[in-house]
Amino acid sequence: MKALVLAGGSGTRLRPFSYSMPKQLIPIANTPVLEYVLRNILDLGVHEIGVVVGDRAPEIQGALGDGSRFGAQLTYIRQEAPLGLAHTVSIARDFLGDDDFVMYLGDNMLPEGITGVAEEFAAHRPAAHVVVHKVADPRAFGVAELRPGGEVLRLVEKPEQPRSDLALIGVYFFTAAIHEAVRAIEPSARGELEITDAVQWLVAAGADVRAGRYEGYWKDTGNVEDVLECNEHVLAALRHSVSGEVDGASELTGPVVVEAGARIVRSRIEGPVIIGAGTVVEDSHIGPHSSVGRECAITGSRLGYSIALDGASVTGVQGLRSSVIGRSASVGTTGQSADPYRLVVGDHTRVEVAA
């Protein structure tokens with residue numbers, strides 16, 4: 001089996017961060033989303049992975065390299081324009097050959113992994129095996145209608161009146177049968193080759209198409225609110241580990257990770273919290289459910305339920321909450337203030353909040 005990871009999306013809902021970084025590299029608990037995707041694939045015993053990239057290809061390749069540090073063999077496949085998920089299967093044809101493969105959207109977080117549905121696919125080996133998750137409002141998703149045995153009866157894209165609450169969540173297992181389906185379909189009204197149309201073509205042709213239910217936590221990290229919620233969920237499983245320096249005037253409670261080279265000075269860290277390598281936290285209170293990246297400076301500040309990306313600095317701000325501070329961004333105040341702030345600050349931006 002091989003894997004096809006889709007990492008070419010522009011991420012308009014994640015602006016301002018997606019102006020300066022691919023959405024698939026947004027960090028969750030200081031680790032890019034794409035690394036979680038690769039780990040889940042490697043857990044299946046799959047090492048040959050094609051990564052579909054677009055205009056941000058250099059940044060994706062710079063972050064992942066050739067895959068050797070993960071134990072993977074990465075092949076980068078350029079998609080010149082966002083022409084649909086089924087189009088990615090078409091342009092990856094030479095890489096995929098006639099092998100079975102898992103297709104995985106690169107901005108999806110499934111922390112509990114996908115080994116269960118992979119085992120279902122291996123046991124039955126249908127032409128297609130889609131992964132579905134129960135959602136409160138299916139109208140925003142592709143929806144699968146199933147027979148009692150789990151066979152797919154019909155796929156409907158964003159139905160106004162859903163007949164099922166099982167949404168497609170961006171993970172698919174395929175045999176080589178999908179290639180005939182991709183060749184057979186036409187572009188949708190929005191000009192894209194839709195993977196739902198290709199799978200529906202298989203259903204109409206009488207092929208065996210099944211669905212596997214993912215019961216764990218799932219989040220499409222498409223906007224800032226979802227990123228913060230996902231960060232909170234992942235941090236909840238954090239294990240206490242201190243490799244950096246913590247002075248005697250500081251207090252750590254709950255699970256806290258202080259990476260090597262980080263320093264905690266006269267501060268209180270209330271876990272779950274992760275402090276990245278090289279970061280200095282001084283005269284501050286951080287936590288809970290916060291992640292601070294590498295080489296950051298947090299001074300005289302208080303923040304919680306927040307994310308500070310690599311190189312960020314926060315000075316004299318006493319009430320940051322549910323905030324995301326971009327790479328090398330700087331947040332300060334015109335004076336000391338205890339008022340709460342919720343900020344979303346893009347990379348390399350300087351912000352001063354009024355006291």
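Index from 1, following the sequence.
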Could you go step by step and tell me if D55 and R78 meet the salt bridge (charged side-chain N to carboxylate O under 4.0 Å, His left out) rule? CA-CA 9 Å; D55 294 339; R78 184 64 181 263; 3.5 Å; yes
S243 side-chain N/O to A260 backbone N/O, donor-acceptor pair under 3.5 Å: no
Could you please spell out the steps behind the salt bridge (charged side-chain N to carboxylate O under 4.0 Å, His left out) verdict for D310 and R327? CA-CA 5 Å; D310 292 352; R327 294 177 297 181; over 6 Å; no
Residue pair V130 / Y172: nearest heavy atoms and the distance that separates them: CG1-CD2, 3.7 Å
Does E259 use its side chain to pair, donor to acceptor, with the backbone of A277 at less than 3.5 Å? yes
What do you reckon, is CZ of R302 surrounded by more than 12 foreign heavy atoms closer than 6.0 Å? no
Tell me whether H133 contacts the main-chain N or O of L168 through its side chain, where contact means a donor paired with an acceptor under 3.5 Å. no
When you look at E35 and R69, which way does the salt bridge (charged side-chain N to carboxylate O under 4.0 Å, His left out) test go after all the steps? CA-CA 11 Å; E35 290 195 21; R69 68 185 178 95; 3.2 Å; yes
Would T253 and E270 count as a side chain to side chain donor-acceptor pair (under 3.5 Å) here? Give the steps. CA-CA 5 Å; T253 62; E270 184 182 351; 5.4 Å; no
I169 side chain reached by D220 side chain, heavy atoms, under 4.5 Å: no
Given R263 and E282, is the side chain to side chain contact (heavy atoms under 4.5 Å, CB included) satisfied, shown in steps? CA-CA 8 Å; R263 292 193 298 121; E282 190 170 2; 5.9 Å; no
Keeping the roles fixed (side chain from N231, backbone from A29), state whether a donor-acceptor pair exists under 3.5 Å. yes
Mind checking whether Q24 and I60 have side chains closer than 4.5 Å, heavy atoms only? yes
Between the CG atom in L96 and the CE atom in M103, the distance rounded to the nearest 0.5 Å is 10.0 Å
Between the side chains of E192 and H87, is a donor N or O closer than 3.5 angstrom to an acceptor N or O? no
Under the criterion side chain to side chain contact (heavy atoms under 4.5 Å, CB included), I'd like the reasoning laid out for F173 against D100: C-alpha separation, chi angles, the key distance, then a yes or no. CA-CA 7 Å; F173 292 83; D100 296 350; over 6 Å; no
Contact summary for N108 and Y104, nearest pair of heavy atoms: O-CE2, 4.0 Å
Ring-plane angle category for F101 and F174, please: parallel below 30°, perpendicular beyond 60°, tilted otherwise. tilted
Return yes if a side-chain donor-acceptor contact under 3.5 Å exists between E229 and Y217, otherwise no. yes
Could you walk me through whether Q61 and D66 pass the side chain to side chain contact (heavy atoms under 4.5 Å, CB included) check? CA-CA 8 Å; Q61 290 179 249; D66 63 2; over 6 Å; no
Value rounded to 0.5 Å, distance of OG1 in T196 from CD1 in I185: 8.0 Å
Separation of L34 CG from I28 CD1 (nearest 0.5 Å): 11.5 Å
Hydrophobic clusters here meaning ILVMFWY residues chained together by side-chain heavy-atom distances under 4.5 Å, can you tell me if L83 and I91 are in one? no
If only atom types and distance count, is the side chain of T221 paired as donor or acceptor with the main-chain N or O of D107 below 3.5 Å? yes
Could K158 and F141 be counted as a cation-pi pair, given that NZ or CZ must be under 6.0 Å from the ring centre and within 45° of the axis? no
Backbone of L155 reached by a side-chain donor or acceptor of Q200 within 3.5 Å: yes
Are Y305 and V224 connected in a single hydrophobic cluster, I mean Ile/Leu/Val/Met/Phe/Trp/Tyr linked by side-chain heavy atoms less than 4.5 Å apart? no
Donor-acceptor pair, T279 side chain versus G293 backbone, under 3.5 Å? yes
Do I307 and L309 come within less than 4.5 Å of each other through their side chains, counting heavy atoms only? yes
Any side-chain heavy-atom pair of R93 and H179 under 4.5 Å: yes
Do V209 and L146 land in one hydrophobic cluster if side-chain heavy atoms of ILVMFWY residues count as linked below 4.5 Å? yes
Treat each ILVMFWY residue as a node, draw an edge where side-chain heavy atoms are under 4.5 Å apart, and state whether V246 and V280 are in one component. no
Are any non-hydrogen side-chain atoms of E120 and H129 less than 4.5 angstrom apart? yes
Could you give the distance from CD1 (I195) to OG1 (T88), rounded to the nearest 0.5 Å? 6.5 Å
Strictly distance-based, threshold 3.5 Å: is any side-chain N or O of D247 a donor or acceptor partner for the main-chain N or O of R266? yes
Under 3.5 Å, side chain of S284 to main-chain N/O of G300, donor-acceptor pair present? yes
salt_bridge(R190, E157) N-O dist < 4.0 Å: no
Kindly compute the distance separating CD1 (I325) from CD1 (I298), expressed to the nearest 0.5 Å. 8.5 Å
Any chance CZ of R125 has more than 12 other-residue heavy atoms, nucleotides or ligands included, within less than 6.0 Å? no
Student check: side-chain heavy atoms of L320 and S323 closer than 4.5 Å: yes
Which atom pair, heavy atoms only, marks the closest approach of A312 to G326? CB-O, 3.6 Å
Distance-only donor-acceptor check, side chains E145 and S164, under 3.5 Å: no
Would you check if Y76 and L74 make a side-chain contact, meaning some heavy-atom pair closer than 4.5 Å? yes
For the pair I114 and F121, evaluate side chain to side chain contact (heavy atoms under 4.5 Å, CB included) and give the outcome as yes or no after the intermediate values. CA-CA 11 Å; I114 56 172; F121 171 73; over 6 Å; no
May I ask you to test the V273-V257 pair for a side-chain heavy-atom distance under 4.5 Å? no
Keeping T299 on the side-chain end and T315 on the backbone end, is there a donor-acceptor pair under 3.5 Å? no
At their closest point, which heavy atom of A7 faces which heavy atom of V51, and how far apart are they? CB-CG1, 4.1 Å
To the closest 0.5 Å, what do you measure between CG (N223) and CD1 (I26)? 11.0 Å
According to a 4.5 Å side-chain heavy-atom criterion applied to Ile, Leu, Val, Met, Phe, Trp and Tyr, with indirect links allowed, do L238 and V234 form part of one hydrophobic cluster? no
Can you name the nearest heavy-atom pair linking V143 to P138, along with the distance? CG2-O, 3.4 Å
Whether D98 and K2 form a salt bridge (side-chain N of Lys/Arg under 4.0 Å from carboxylate O of Asp/Glu) is what I want to check. no
SB check E59 R56 (cutoff 4.0 Å): yes
Nearest heavy-atom contact between A86 and V182 is O-CG1, 3.5 Å
Using a 6.0 Å cut-off, check whether atom CZ of R268 has over 12 heavy atoms from anything other than its own residue. yes
